[in-house]
Structure formats: structure tokens, C-alpha cells
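Source: prediction; values computed, not measured. Scope of the values below: all heavy atoms of this structure, side chains included, with no hydrogens, waters or symmetry mates.
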Amino acid sequence: MKKTLSFALAGMLCISPIYAQTHGDIGNICFEEIANPVVSSIGGANRALIHSTYSNAAWGDYNNDGYLDVFYSDKNNHGSANKIASNFYQNDGKGNFIKVTSPSFTGTAFSCPIWFDMNNDGLLDLFIPGLNNYNYQWKDLTTRLSDIKFHLYVNQGMQSNGKFKFQEIAAEDTGLMPIFNGKSGGKGHNWVAAGDYDNDGFTDLIITGFDEQTRSGRKDYEDAVRVVYLFKNIEGKYFELQETPLNGTMPFHGLTDGSVCFADLDNDGWLDIFSTGYGYSRASEVHIYWNQHDGTFIESEFKFDNAYNSSCDVYDLNNDGKLDLIMTGVYFDGESKQFFLYKNLGDRQFEKLQKECLIPIDGGQLSFGDINNDGLPDMLAGGHADFNNYQHTTWLYVNKGDFDFEAIAHYNKDTYGWSFSRISHGNQHLIDYDNDGLLDAWSSGWSNSMCSSGCDTQLWKNTSNVTANASPDMPTGLKAERQGETVTFTWSPSTDDATPQSALRYNIYLRRLDSNDCYAVIPADINTGFIKVANVTNHIMQCSYQMNVKYNGEYEWGVQAIDNGNKGGLFAKSTFKIEDLVDPEPEPDRIANIHPSDIKIHAHGKTLYYSIPGEGELSVCSTDGHVLCNRHICHNGSINLNQKGVFITVIKTSNASQTSKIVLL
């Protein structure tokens, strides 16, 4: 059942051979709220979506049926004071959603879930970081660090009962670390990003926020440990923290309360990093890290106006084939709110654009896409402004060309006849949930609308009177040239009904014909071209791409174009063969060569905390020799024994061993 809140304002379409309507024309734009999109499992009336407040949502096709599903979690203000609701909805392909209870995911508060294909099996896996206690707060060394959690679920595919199964990987086996990005609702909610930064065919992760476990092991533990951690995917099996990715000698600048993106900002075919937040400088910071193609990065020397308490993002706003920077948030000098654009000039240079049409906000969450099929990408933004008329509101910024936008659909509906509800500090997404060629809108977060509990989650169908978006054409002229283990793929530009050729983005897949594994830069159905995830920034910006391929065999590869409506075209496909490579050495033992002085273990309350620079085995025994715990460990982690007493711990690596006596109070 739909609750109609809008109507089309202006008349007939004017369709040209290139664009479905005139650039910036807003008269035909309208959305309708789907009041009860959830199908009842017992045949009753449809239900509303469960509300959420300070969290992101992950849109992805987990069951490969060609429709986007959604997962999100956070405290539900309608329930108990600290209960975290885990919300997983399957798209039924008929315009409705079904609440999924199996598989069951453990949700987190203030979370940033993300779908990605960790092991290249063509099935989306789910990473859920955050807090399992909404009221977590650093106090001192007695702080319960076990309240900081992450969950990594690997998709096992459809089982004999017709349901999909996910296996949660034990935290200590993932190589990842528990991070959270602050508790204020205004912070950035895109604080995790997925992308293949080293072009080895496996999707890596980057995470920004607080590393409280490392903090607890330092002498200056009263000072928070802010981080931007890069985790390399080791052949789809586990992750490895890159401790000195900056110049090969330093970590990235630690930031919290901001956001992070993988994106090819200089069009060289390698993902760079865009990072914003609050840093050790006790001020807001912005950093661009340029990929050096060898696993390391160098920092941009360009000086930006800085921002935190918002999600900043990237998109090609003027269709020139270069990704621009979109920055909302609080500028530390005077705590003034901002909404800046930085035009990408090429050659790693930017130009700041401050547009009066963009209302300064904090708590801003952004999404991009062509909502009226005029070829220009528009912006959906939720945030909190200084003006009484615009506090916590969702805006739709319609692109009129040359970085000029018109703000519509905020809660003053007198001008346009319809408006989105007043939701900010959560997440906004432009997604085509019903595959009708028009981008729909999702908004979830802090509400000043009809919900008395101050939270809301809404789905809006795009009912604009415009021509539906068609898929881009297939690229042509595919070539694959190899030098050693490096294969360079090239193709001719594609075309689209609305998006200019210069603004088209591309996606590649590669699979060995004798294997079921298939790597894609962006998860997609290689037969239909359907893009399985929403709001990606790690696409290819030019008509060439390099990958490291180290195994002999016959390979199939394909390339598709993606337009500003975030729609993927069919893959053009080709093959090549490699026969002269030397088989790589077997993967070394994951237990690293570690010096005994690098092994650290300590106790706080009833919890053990360990830290080693690689991997090893940890045993915990009672004083009478009874083994209480035996676990493979990686980098940093914790074990909650839930008991008091004196214990003996033994950490072993391939060349070192440390035995300690630990007292748990």
C-alpha cells in the first residue's frame, strides 16, 4: 500500500536524441513514500520498516536474484533503552520487502555495514563493525573493550532447504581489528570502504575510527588512539594490517568522526584514499593519499578546508571524467558548518567551490545518482543546518550543470508540492529497488517528522515523469596485453542514452576458465550486468586497467559501462592465455617470525588483551595446568574469561615463545 505524498508539477516531456529532459529541469521530479513496504509473513497487513537512528545501511544482492536487499542495525528507540535491532530485508522483486530471520546477523550500534565479495566466489559477504553496547564509553583501564565488536559473515550460498547460509568467521581468524567511529550522530557513517587498492584481484578494506584495544596497551592510555587502518585481503582467506602504508614508513594520519573512501582520483587505474575527520592535531583534517602502485601511498600536498562530523564523498559532478570531492561537516576553526565542493582539475590538483545553493550542514550523509535521467548526477543529502527552517532535514539537490544545484524536497513543500521527511544524521541512499530504471530514495536516521521517538526509516519510490534510464551499450575493442605478471586491459569507450561518454565509469571481471572463482572490481552479475551493490566509488574511470595475474591458465575477462543512474550495461567479453609463468611459492606459514619482545599480553578486569605484530597461538591455563583456552591469534585482540584468579598464558610463534602470569580481578 502506498501513501501518496506528491504529485507531478509540470507538463509534457521534451525528449531530445541525447537527453530525456532538459538539464536541471525539476518540474517532472516527484517521489512517493512507500508507507508499508514490508510484506507480512502471516498474510496480514504490510508493515513499516523498523526505525534506526545513527547508522549506515548496506544495500546488496545477497542471493543473486537481481534485486537489491538491505541490512542495517542500531538501537531502536521504540524498544528497550539499549537493545540493538538487527534488520535484514530481502527484496521480493515485486516492490516489497520480506523481513529475513534466517540467516541471522548480529547487529551493532553506530555501525557501518558493507557488502563485498571477500573470496571471489560470486556471493556477497557482509562485514558489520560497531558497538554491541549503545552506552559504551571509555573510562579507564577497567573499560569493557569487548563492547567494541565486528562480525564478518561469509556467504555459503543456497542450501538444500532453499535458504542462504552465512558462516561467521571467528574474529581472531580474520586479521581485522575492532574499530568504532565515535558515538555522536553527526559523525560520518561511511567509515568503512572496500576496494582492491593493489590490483591483485582481491577486495581490501579501509577503516577509520578509534582503536581502543591499542589504547589500553599504551602508557598514555588517557589519549585516544585515532586510526585509518588499511587491511590487505590475502587471497580471500584473511586480512593483514598494512602498518606503514604512507611512504612505506608511516601509518596514515589517525582520524575519527569522519569518513573514508577508496577512489581513483588521478585516473591512473589505481585506487587512492580520501580521508576526513578529527585528528591528533585537535582539529578537523582532510587527507588525500596517492597510490604509488607498489602497495604504498604518498600524501597530497594540496591544502583543503577541513571537516569532521559528517560523511564526505566523491563523484564526478560535472561529467568531465574526473572525480570531485564533496565535503560537508564542521570546520574546526570556529565550529562553523560547511558544504564545499572541490573540483578535480586533473594532475592531482583541485579547486574549491563554495556554492550558495548548498546549505552548510553537519551530520551530513550523501548519495549520488541521476534521478531524472538528464545525464547529470544529483545529490541526496541529510544533515543539520544552523537555520531554524532547515534543522535536520533531507535535501534533494538537482544538478543544473557546471556545479550549480537547486535544493528541493526539504520540508518546505509549498514551493514544489512535495517533500522528503526531516531525517538526518543517519544514512541516505539513491537506489533503484524495483529495477524500473529510476533511482528511488532511502532515508534513515534522526527524525523531526512524525515519529515521536525521534527516529525513522523510509523508502520513497521515484515517480518522476521522465524517461526510464536504459543500460549503457557494451564497450568494444577489447585487448589484453601482458608483461610478466601484469596484464593491461584496454577497450574503446561506450555510449549511453543520457550520460555523456566522458562521464561513463567501467567495471571489469576476470576468471580462470578451469575455476569457479571470479573477481570483479565491483560485484556484478557477469551475465546480466546487474550491479550487486549500491553507492560504490571504486569504479574504473578510464578505458584501461592493470591487474597482477600470477597463475598460468586460460582466462575470460569482461568489461561493462556504468552510467550516472548507477546502472550497469552488459559485459563485453574476451579471453587470453598464460602458459609461461613460474608457479608461485606456497603461501608461507601464517605464524610470523616475531621477536619475543614484540609479544605483549595484559589484563583489565576479567579480560585478557594481547598484541603481536603477526600471528601465533595463545594458550590460557589455570595454575594446576588445566587448559582453559587455546586459540590462533592475529595482531591485536582480547579474550573474556569471565572469571577471577591467577592464570598462566603462553603465546607461541614459529621462532618465539612467551609465558606470563596474569591476575584477573
Side-chain angles (χ1 to χ4, degrees), residues 1-3 31-52 55-73 85-105 107 113-117 122-126 128 153 155-159 161-166 367 369 371 380 427-444 457-463 468-469 471 522-525 527-536 562 565-568:
M1 176 181 178
K2 297 180 180 179
K3 181 174 66 177
F31 285 74
E32 296 176 358
E33 184 189 1
I34 309 300
N36 295 297
V38 182
V39 177
S40 173
S41 60
I42 56 176
N46 283 14
R47 300 188 298 263
L49 294 156
I50 294 176
H51 292 186
S52 185
S55 175
N56 206 341
W59 285 87
D61 180 13
Y62 85 97
N63 57 356
N64 287 345
D65 67 350
Y67 288 89
L68 292 175
D69 313 297
V70 62
F71 173 84
Y72 59 101
S73 66
S86 180
N87 310 304
F88 185 23
Y89 291 101
Q90 178 182 321
N91 191 330
D92 71 357
K94 302 176 183 179
N96 302 302
F97 289 84
I98 302 168
K99 186 81 162 62
V100 179
T101 57
S102 179
S104 177
F105 300 125
I114 188 168
W115 292 104
F116 73 111
D117 187 357
L123 297 167
L124 289 182
D125 310 304
L126 182 61
I128 311 171
Y153 294 96
N155 195 333
Q156 305 293 299
M158 183 182 289
Q159 306 300 297
N161 61 2
K163 295 184 178 181
F164 274 69
K165 177 183 176 181
F166 284 77
S367 186
I371 55 98
L380 183 66
N427 63 93
Q428 276 73 27
H429 293 275
L430 290 172
I431 38 85
D432 185 4
Y433 80 93
D434 53 0
N435 290 357
D436 67 350
L438 296 175
L439 288 175
D440 310 298
W442 164 279
S443 187
S444 179
T457 298
Q458 297 181 354
L459 179 67
W460 293 70
K461 179 175 172 56
N462 188 338
T463 58
N469 182 26
S471 302
I522 300 169
D525 187 315
N527 295 313
T528 67
F530 178 74
I531 304 296
K532 296 181 184 179
V533 293
N535 296 345
V536 295
I562 304 173
N566 299 326
K567 193 166 190 174

Colleague: Could you please spell out the steps behind the side-chain contact (heavy atoms from CB on, under 4.5 Å) verdict for Ile128 and Tyr153?
Modeller: CA-CA 8 Å; Ile128 311 171; Tyr153 294 96; 3.8 Å; yes
Colleague: Can a donor-acceptor pair be found between the side chains of Trp115 and Asp61 at a distance below 3.5 Å?
Modeller: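 No, Asp61 and Trp115 have no side-chain donor paired with an acceptor closer than 3.5 Å.
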Colleague: Roughly how far, to the nearest 0.5 Å, is the CG atom of Asn535 from the CH2 atom of Trp442?
Modeller: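 Result: 12.5 Å between the selected atoms.
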Colleague: Apply the test side-chain contact (heavy atoms from CB on, under 4.5 Å) to residues Tyr72 and Asn427: give CA-CA distance (whole Å), side-chain angles for both, the deciding distance (0.1 Å), then the verdict.
Modeller: CA-CA 10 Å; Tyr72 59 101; Asn427 63 93; 5.6 Å; no
Colleague: Using every non-hydrogen atom in the two residues, find where Val533 and Val536 come nearest and quote the distance to one decimal.
Modeller: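 Taking Val533 first and Val536 second, the nearest heavy atoms are CG2-CG1, 3.3 Å.
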Colleague: To the nearest 0.5 Å, what is the distance between OG on Ser102 and CG on Asn161?
Modeller: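 Answer for the OG-CG pair, Ser102 versus Asn161, is 7.0 Å.
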Colleague: Quick one: pull up CG in Asp65 and CG in Asn91 and give me the separation to the nearest 0.5 Å.
Modeller: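 One finds 7.0 Å between CG of Asp65 and CG of Asn91.
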Colleague: Under the criterion side-chain contact (heavy atoms from CB on, under 4.5 Å), I'd like the reasoning laid out for Val70 against Ile431: C-alpha separation, chi angles, the key distance, then a yes or no.
Modeller: CA-CA 11 Å; Val70 62; Ile431 38 85; over 6 Å; no
Colleague: Would you give the length of the straight line joining atom CZ of Phe31 to atom OG1 of Thr463, rounded to the nearest 0.5 angstrom?
Modeller: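 The CZ atom of Phe31 sits 8.0 Å away from the OG1 atom of Thr463.
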Colleague: Could you tell me which non-hydrogen atom of Ile531 sits nearest to which non-hydrogen atom of Leu68, and how far apart they are?
Modeller: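 Here Ile531 and Leu68 meet closest at O-CD2, 4.0 Å.
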Colleague: For Leu430 and Gly369, which heavy atoms make the closest approach, and how far apart are they?
Modeller: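 Between these two residues, the closest heavy atoms are CD1-N, 3.7 Å.
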Colleague: Report yes or no: does Asn36 contribute a side-chain atom to a donor-acceptor pair with the main-chain N or O of Ala48 at less than 3.5 Å?
Modeller: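 Yes.
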Colleague: Is the shortest side-chain heavy-atom distance between Trp460 and Leu380 below 4.5 Å?
Modeller: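 No, side chains not in contact.
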Colleague: Quickly, which of Gln458, Glu33, Gln428 forms a side-chain hydrogen bond (donor to acceptor under 3.5 Å, both in side chains) with Ser443? Name it, please.
Modeller: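 The option that passes is Gln428.
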Colleague: Could you report the tightest heavy-atom contact between Gly568 and Ser471, atom names first, then the distance?
Modeller: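 Shortest heavy-atom separation between Gly568 and Ser471 comes out as O-OG, 3.7 Å.
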Colleague: By side-chain hydrogen bond (donor to acceptor under 3.5 Å, both in side chains), which residues pair with Asn462, not counting sequence neighbours?
Modeller: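 Once residues adjacent in sequence are excluded, the partners of Asn462 under the side-chain hydrogen bond (donor to acceptor under 3.5 Å, both in side chains) criterion are Ser464.
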Colleague: Will you find, in the side chains of Gln90 and Tyr67, an N or O donor that is under 3.5 Å from an N or O acceptor?
Modeller: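 Tyr67 and Gln90 do not have a side-chain donor-acceptor pair below 3.5 Å.
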Colleague: Hey, does the side chain of Lys567 reach the backbone of Asn469 with a donor-acceptor pair shorter than 3.5 angstrom?
Modeller: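 Checking the backbone N and O of Asn469 against the side chain of Lys567, a donor-acceptor pair under 3.5 Å is found.
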Colleague: Could you list the residues that satisfy side-chain hydrogen bond (donor to acceptor under 3.5 Å, both in side chains) with Asp125, not counting sequence neighbours?
Modeller: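 By the side-chain hydrogen bond (donor to acceptor under 3.5 Å, both in side chains) rule, Asp125 matches no residue at all.
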Colleague: Do Tyr89 and Lys99 make a side-chain contact, defined as non-hydrogen atoms from C-beta onward lying under 4.5 Å apart?
Modeller: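 With C-beta onward as the side chain, the pair touches.
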Colleague: Has Thr457 got a side-chain atom pairing as donor or acceptor with Ser52's backbone, closer than 3.5 angstrom?
Modeller: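 Answer holds: yes.
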Colleague: Indicate the atoms forming the closest heavy-atom contact of Gly122 with Asp117, along with that distance.
Modeller: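 Looks like N-OD2, 2.9 Å.
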Colleague: Are the side chain of His429 and the backbone of Ala534 linked by a donor-acceptor contact shorter than 3.5 Å?
Modeller: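 Here the side-chain-to-backbone pair does not exist.
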Colleague: If you take all heavy atoms of Ile34 and Pro37, which pair is closest and at what distance?
Modeller: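 Heavy atoms only, the tightest pair is O-CD, 3.4 Å.
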Colleague: Tell me every residue that passes side-chain hydrogen bond (donor to acceptor under 3.5 Å, both in side chains) with Asn435, counting only those two or more places apart in sequence or in another chain.
Modeller: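 In terms of side-chain hydrogen bond (donor to acceptor under 3.5 Å, both in side chains), with neighbours along the sequence ignored, Asn435 is linked to no residue.
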Colleague: Mind checking side-chain hydrogen bond (donor to acceptor under 3.5 Å, both in side chains) for Lys532 and listing every partner two or more places apart, or none if nothing turns up?
Modeller: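 Counting only residues at least two positions away or on another chain, Lys532 forms a side-chain hydrogen bond (donor to acceptor under 3.5 Å, both in side chains) with Asn64.
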Colleague: Nearest 0.5 Å, please: how far is CD1 in Ile50 from OG in Ser73?
Modeller: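 That separation rounds to 11.5 Å.
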Colleague: Is the centre of the Tyr62 ring less than 6.0 Å from the centre of the Phe71 ring?
Modeller: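 Tyr62 vs Phe71: aromatic centres not under 6.0 Å.
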Colleague: Partners of Phe116 by ring-ring contact (aromatic ring centres under 6.0 Å, His included), sequence neighbours excluded?
Modeller: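 If we apply the ring-ring contact (aromatic ring centres under 6.0 Å, His included) test to Phe116, skipping adjacent residues, there are no hits.
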Colleague: Among residues two or more places apart or on two chains, list those pairs meeting salt bridge (Lys or Arg N to Asp or Glu O under 4.0 Å) that have a residue in residues 427-436.
Modeller: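 Sorted result for residues 427-436: Asp434-Lys461, Asp436-Lys461.
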Colleague: Please examine the side chains of Leu123 and Gln156, heavy atoms only from C-beta on, and report whether any two atoms are closer than 4.5 Å.
Modeller: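 No, their side chains stay 4.5 Å or more apart.
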Colleague: For residues Leu124 and Phe166, determine if any side-chain heavy atom of one lies less than 4.5 Å from a side-chain heavy atom of the other.
Modeller: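 The answer is no, as the side chains (C-beta and beyond) never meet within the 4.5 Å cut-off.
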Colleague: Once you round to the nearest 0.5 Å, how far does OH of Tyr433 lie from CG of Leu439?
Modeller: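 One finds 12.5 Å between OH of Tyr433 and CG of Leu439.
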